[in-house]
Amino acid sequence: MERIRRRMQEVGSRREFLTGVAALGAVAAIPAPLRGLRIERTAPADSSGAGSLRAHAAARGLMYGTAVNPVLLDLEGATGGNSTDPYTRLVAEQANILVAENSMKWGALRPTADRFDFTQGDRLLRFAGIEGQLVRGHNLCWHQSVPAWLTRTASKDNAREILTHHIQVVAGHYRGKLHSWDVVNEAVHPSDGLPDGLRKTLWLDLIGPDYLELAFRTAAAADPEAKLTYNDYGIELDTPEDVKKREMVLGLLKRFKAKGVPIHAVGVQSHLDATGPQPGQGLKEFIREAARMDLEVYVTEMDVNTHAVVGSREAQDRAVAAVFGNYMRLALAEPNVPMTLTWGITSAHTWLNDANTDQRRRPDGTPERPLPFDDRMMPTPAFLAIGEAIDRSRPSRSGNA
Ligand code: XIL
């Protein structure tokens, strides 16, 4: 933890440097797409330096970050935000916390039953070390990204041992280096019809409901400093499905607490839709209920799809920015929400545009623009909305408004 605490201090001193740079920056008018939104201040023309989301977040003592693909990072050129590669520069500049989009999942780490491949995860850690960023681990136990060898060989006799061994080795490998771990991902799925709302997975099938507790206890022993997180989606809205799922997730968390299971946070993935119902009172109450259980809440995977927004690119961008702004204001108003990550930083790299995912597509066939930067690495209106929401969430550490 000491190392992580030092890292947070470095993030702070970088902020002071950046604040100095800010004083030199020009201000630009709010671009047309954002007019009418509740963006109250003009934004620096430059999205780098003091205008970056990293600087906005650091000034409020918050963590802001993104999921990344370590393969795309120019590790050799990484030197405090100065890489010549635009994607690498953006990741260094905008985030004070990173998570691997896929590289720390079973599918990436476990090519065979007896091999662990930490190449990409380690790359991410090295990059974050150079850029003074924290790293989250994602994830130790999930029903997806399950290697074929595991499905073939896991049985009621060996499943406990396989899960425990994986967590001991992986969490052990990164011991003391990660801010937090998504220990269990997406284990609740009320529509599977089980009384406790648990999802029917390989682990549930072979180990029983105790697999969750086993995962958390094993992770705590392997890395006592990481904040252990339960991460899920479909708990953001006030729709009947989300209300039900929230209830089930809260039930799970309460059972954990009653049994003394080591858990420190809940991750709310926050893959949102620009049309239809938006997060509201129910999520607020969920976050407060978590606070009463002494849990932090992390926004872990935010992006906003526009598959039902018809109209110009400007209309698309406006819709995305409005959802980001409202959502982040709601979440960051709660004192136990110290962290927001988007699932990617530019629309050049987002799972929503991946050809091989089963995401819904926009009716006009144009790509999604679900993130604070676009495919040309230019800030989108969502960039301003996020910065603004961060600014309004807490008093500035330096005492400035
Ligand atoms: C997604 C990645 O973004 C894709 O590249 C991959 O093909 C599938 O997984 N919830 C999660 C993430 O917890 O791990 C998922 O990431 C997105 C949904």
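FYI, side chains are in, hydrogens and waters are out, and symmetry mates aren't considered; it's all heavy atoms of this structure.
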Verify whether one side chain among [X] and [Y] offers a donor that lies under 3.5 Å from an acceptor in the other.
X    : Y    : answer
T112 : D114 : yes
H166 : R110 : yes
H56  : D391 : yes
Y298 : T340 : no
E186 : N139 : no
D182 : W142 : no
D117 : T119 : yes
N185 : Y230 : no
S83  : D85  : no
Q269 : T300 : no
S270 : Y327 : yes
T306 : R369 : no

Atom [atom1] in [X], atom [atom2] in [Y]: separation rounded to 0.5 Å?
X    : Y    : atom1 : atom2 : answer
I235 : L250 : CD1   : CG    : 8.5 Å
D223 : W181 : CG    : CH2   : 9.0 Å
D232 : R246 : CG    : CZ    : 12.0 Å
K177 : L125 : NZ    : CG    : 6.5 Å
R115 : W149 : CZ    : CH2   : 12.0 Å

Quiz item: Stepwise, does the salt bridge (Lys or Arg N to Asp or Glu O under 4.0 Å) test hold for K244 with E241?
Solution: CA-CA 5 Å; K244 175 91 193 147; E241 305 78 54; over 6 Å; no

Within the 4.5 Å heavy-atom criterion, are [X] and [Y] side-chain neighbours or not?
X    : Y    : result
F373 : M378 : no
F118 : V170 : yes
M339 : L62  : no
R362 : Q316 : yes
C141 : L163 : yes
P372 : I345 : yes
T239 : D242 : yes
T229 : R136 : yes

Considering all heavy atoms of both residues, which atom of [X] and which atom of [Y] are nearest to each other, and what is their separation?
X    : Y    : answer
I386 : Y64  : CG2-CE1, 4.2 Å
L206 : A154 : CD1-CB, 3.6 Å
A308 : T275 : CB-OG1, 3.3 Å
G49  : S52  : O-OG, 2.8 Å
I207 : L214 : CD1-CD2, 4.4 Å
A274 : V309 : CB-CG2, 3.9 Å

Practice problem: Evaluate the criterion side chain to side chain donor-acceptor pair (under 3.5 Å) for residue pair E368 and H307; output intermediate values, then yes/no. | Solution: CA-CA 8 Å; E368 293 283 359; H307 61 241; 4.8 Å; no

Practice problem: Output every pair passing salt bridge (Lys or Arg N to Asp or Glu O under 4.0 Å) with a member in residues 256-277, not counting sequence neighbours, ordered by first then second residue. | Solution: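 Sorted pair list: E213-K259.
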
When you measure from the side chain of [X] to the backbone N and O of [Y], does any donor-acceptor pair fall under 3.5 Å?
X    : Y    : value
S145 : G107 : yes
R394 : R60  : no
D238 : P279 : no
E247 : K245 : no
D374 : T380 : no
R123 : L73  : yes
T218 : Q168 : no
N158 : S155 : yes
H179 : K227 : no
E101 : V68  : no

Exercise. Might you work through the side chain to side chain donor-acceptor pair (under 3.5 Å) test for N102 and Q120, ending with a clear yes or no?
Key: CA-CA 9 Å; N102 291 305; Q120 294 310 324; over 6 Å; no

Quiz item: Should L272 and M302 be marked as a side-chain contact (heavy atoms from CB on, under 4.5 Å) after you check the CA-CA gap, both sets of side-chain angles, and the distance that decides it?
Solution: CA-CA 7 Å; L272 300 178; M302 188 165 183; 3.9 Å; yes

Quiz item: What class does the angle between the rings of H165 and F116 fall in, given that below 30° is parallel, 30 to 60° is tilted and above 60° is perpendicular?
Solution: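 The arrangement is perpendicular - the two ring planes meet at more than 60°.
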
Quiz prompt | H138 ring center within less than 6.0 Å of W343 ring center | solution =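 When the ring centroids of W343 and H138 are compared, they turn out to be within the sub-6.0 Å range.
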
Quiz item: Are F216 and H264 close enough that their ring centers fall under 6.0 Å?
Solution: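 So the answer is no for these two rings.
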
Practice problem: Could you walk me through whether L98 and V91 pass side-chain contact (heavy atoms from CB on, under 4.5 Å), step by step? | Solution: CA-CA 8 Å; L98 302 177; V91 170; 3.6 Å; yes

Quiz item: Yes or no on side chain to side chain donor-acceptor pair (under 3.5 Å) for D122 and Y174, after CA distance, side-chain angles and deciding distance?
Solution: CA-CA 9 Å; D122 289 358; Y174 292 114; 2.9 Å; yes

Practice problem: Report the C-alpha separation of V169 and L109 in whole Å, then their side-chain angles, then the decisive distance to 0.1 Å, and conclude whether the side-chain contact (heavy atoms from CB on, under 4.5 Å) test is met. | Solution: CA-CA 11 Å; V169 174; L109 290 181; over 6 Å; no

Self-check item: All side chain to side chain contact (heavy atoms under 4.5 Å, CB included) counterparts of H189, not counting sequence neighbours
Solution: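 Result, side chain to side chain contact (heavy atoms under 4.5 Å, CB included) vs H189: S191, D192, R199, Y233.
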
Self-check item: Residue D294 excluded, over 12 heavy atoms near CG under 6.0 Å
Solution: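 No, because the 6.0 Å sphere around CG of D294 holds 12 heavy atoms or fewer from other groups.
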
Exercise. Could you walk me through whether L194 and L204 pass side-chain contact (heavy atoms from CB on, under 4.5 Å), step by step?
Key: CA-CA 11 Å; L194 298 180; L204 183 68; 3.4 Å; yes

Practice problem: Take K254 and E289 through the test salt bridge (Lys or Arg N to Asp or Glu O under 4.0 Å) and record every step on the way to the result. | Solution: CA-CA 10 Å; K254 283 186 182 142; E289 189 63 39; 3.7 Å; yes

